[in-house]
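Nothing fancy with the numbering, it's 1 onward along the sequence.
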Amino acid sequence: HALGEPHLFAKLQQAAESGADAIALVNEGAPDLILLDVMMPHMDGYEVCERLKSNPETAAIPVIFLTARTAPEDETHAFRCGAVDFITKPINPDVVMSRVHAHLQAKLMADLLRDKNDFLEHEVQRRTQELTAIQDVTIRVMSSLAETRDNETGNHIRRTQHYVQSLARKLAEHPKFSTYLTPATIAMLYKSAPLHDIGKVGIPDA
């Protein structure tokens, strides 16, 4: 069930009569919050909660147990399964709504933070790709300066770049070099190899 105050959350009441039905219902459309009993046919609430928490698609949905079981070990078990709250019957509707409201607010903040983190991660990746592209173009332009002096030198630069890459990849298979020659290091060697003759650009033709 996803419940909340009308001015904050749209009320939506969906009920499932068994644990399997509950999981199927959640998979059809993730609710904001789940009120879950412990004692249900075929699959108890603990197993339902564990299955929901093991699924990345439903793990973030807060689960509140509403149950007639009052033993401390029942409450402990509920929290170990991933529940955010444990309310025993007979219930006080005002208390239940207050707790539901609090957990919905907490989930809203968590969702906003997660969305912001995802956006920032995407931006970091985008900017990193841009910087890498700029770096590649800069290296290509610098190495091409040598080609303007001597076409044979230009071919030599390209050959050397690929020789270095092939040699590094082969050496990476050797235990002595495998720790150092990581994919990132090999990529850097490949990028920097064309610049090994860049000093020739500054030598006068005479």
Practice task
Could I get the full list of side-chain contact (heavy atoms from CB on, under 4.5 Å) partners for M39, not counting sequence neighbours?
Solution key: A68, R69
Problem - Residue list, ring-ring contact (aromatic ring centres under 6.0 Å, His included) with Y163, at least two apart or on another chain - result: none
Practice task
Would you indicate whether Q125, at its atom CD, is surrounded by more than 12 heavy atoms from other residues, nucleotides or ligands within a distance under 6.0 Å?
Solution key: yes
Practice task
Mind checking side-chain contact (heavy atoms from CB on, under 4.5 Å) for E73 and listing every partner two or more places apart, or none if nothing turns up?
Solution key: A71
Exercise for the section: Say whether, by atom type as modelled, one donor and one acceptor occur between the side chain of K53 and the main chain of A59 under 3.5 angstrom. Expected result: yes
Handout entry: Closest non-hydrogen atom pair between A83 and C49, with its separation
Key = N-SG, 3.9 Å
Exercise for the section: Check whether any side-chain heavy atom of L35 sits under 4.5 Å from a side-chain heavy atom of V100, and report yes or no. Expected result: yes
Practice task
Check whether any side-chain N or O of H196 sits under 3.5 Å from a backbone N or O of A193 as a donor-acceptor pair, and report yes or no.
Solution key: yes
Problem - Side chain proximity check, T160 to P194, heavy atoms < 4.5 angstrom - result: no
Fill in the blank from the handout: Using a 4.5 Å side-chain heavy-atom cut-off and chaining through intermediate ILVMFWY residues, the residues clustered with L120 come out as F119
Handout entry: Lys/Arg-Asp/Glu bridge criterion (N-O < 4.0 Å) met for D111, K107
Key = yes
Handout entry: Pairwise ring-ring contact (aromatic ring centres under 6.0 Å, His included) hits with a residue in residues 50-76, at least two apart
Key = Y46-F65
Handout entry: Summary of salt bridge (charged side-chain N to carboxylate O under 4.0 Å, His left out) pairs that have at least one residue in residues 180-195, sequence neighbours excluded
Key = D136-K191
Exercise for the section: Examine distances only and state if a side-chain atom of Q161 and a backbone atom of Y190 form a donor-acceptor pair shorter than 3.5 Å. Expected result: yes
Practice task
Could you check if a side-chain atom of L131 sits within less than 4.5 angstrom of a side-chain atom of T128, using non-hydrogen atoms only?
Solution key: no
Exercise for the section: Taking ring-ring contact (aromatic ring centres under 6.0 Å, His included) as the test, write out the residues that go with H103, two or more places apart. Expected result: none
Fill in the blank from the handout: d(S166 OG, K170 NZ) to nearest 0.5 Å is 11.0 Å
Handout entry: Flag side-chain contact, heavy atom, 4.5 Å: L33 against I64
Key = yes
Practice task
Please name all residues satisfying ring-ring contact (aromatic ring centres under 6.0 Å, His included) with F86, sequence neighbours left out, ordered by chain then number.
Solution key: none
Problem - Distance, nearest 0.5 Å, that separates CG of L52 from CD of E57 - result: 12.0 Å
Problem - Connected via hydrophobic side-chain network under 4.5 Å: V84 and V96 - result: yes
Problem - Any M40 side-chain heavy atom under 4.5 Å of D37 side chain - result: yes
Problem - From H42 atom NE2 to E17 atom CD, the distance as rounded to the nearest 0.5 Å - result: 11.0 Å
Exercise for the section: Would you give the length of the straight line joining atom CG of D21 to atom CD of Q14, rounded to the nearest 0.5 angstrom? Expected result: 12.0 Å
Practice task
Tell me whether L167 is reachable from M188 by hopping between hydrophobic residues (I, L, V, M, F, W, Y) whose side-chain heavy atoms are closer than 4.5 Å.
Solution key: no
Handout entry: Pairing residues for N27 by the side chain to side chain donor-acceptor pair (under 3.5 Å) criterion, not counting sequence neighbours
Key = none
Handout entry: Intermediate values then yes/no, side chain to side chain contact (heavy atoms under 4.5 Å, CB included), T132 and Q129
Key = CA-CA 5 Å; T132 299; Q129 291 173 352; 5.6 Å; no
Practice task
Tell me, please, which residues at least two apart from V95 pass side-chain contact (heavy atoms from CB on, under 4.5 Å).
Solution key: N92, R99
Fill in the blank from the handout: Across all chains, not counting sequence neighbours, the ring-ring contact (aromatic ring centres under 6.0 Å, His included) partners of H122 are none
Handout entry: From CA spacing to verdict: side chain to side chain contact (heavy atoms under 4.5 Å, CB included), D74, T67
Key = CA-CA 10 Å; D74 290 318; T67 177; over 6 Å; no
Exercise for the section: Could you give me the CA-CA distance, side-chain angles and deciding distance for R51 and M43, then say whether side chain to side chain contact (heavy atoms under 4.5 Å, CB included) is met? Expected result: CA-CA 11 Å; R51 291 194 182 190; M43 185 190 306; 3.5 Å; yes
Practice task
Kindly determine whether E123 and R127 satisfy salt bridge (Lys or Arg N to Asp or Glu O under 4.0 Å), including the steps that lead there.
Solution key: CA-CA 6 Å; E123 280 297 295; R127 290 291 294 166; over 6 Å; no
Practice task
Would you please test I61 and D32 for side chain to side chain contact (heavy atoms under 4.5 Å, CB included) and show each step?
Solution key: CA-CA 6 Å; I61 303 173; D32 295 310; over 6 Å; no
Exercise for the section: Drop me the distance from I139's CD1 to I134's CD1, to the nearest 0.5 angstrom. Expected result: 12.0 Å
Problem - Verify same cluster id: L66, L25 (apolar side-chain graph, 4.5 Å) - result: no
What side-chain donor-acceptor pairs closer than 3.5 Å can you find for residues 178-186, not counting sequence neighbours?
residue: S178; atom: OG; partner: P175; partner atom: O; Å: 3.3
residue: T182; atom: OG1; partner: T185; partner atom: N; Å: 3.2
residue: T182; atom: OG1; partner: T185; partner atom: OG1; Å: 3.0
residue: T185; atom: OG1; partner: Y180; partner atom: O; Å: 3.2

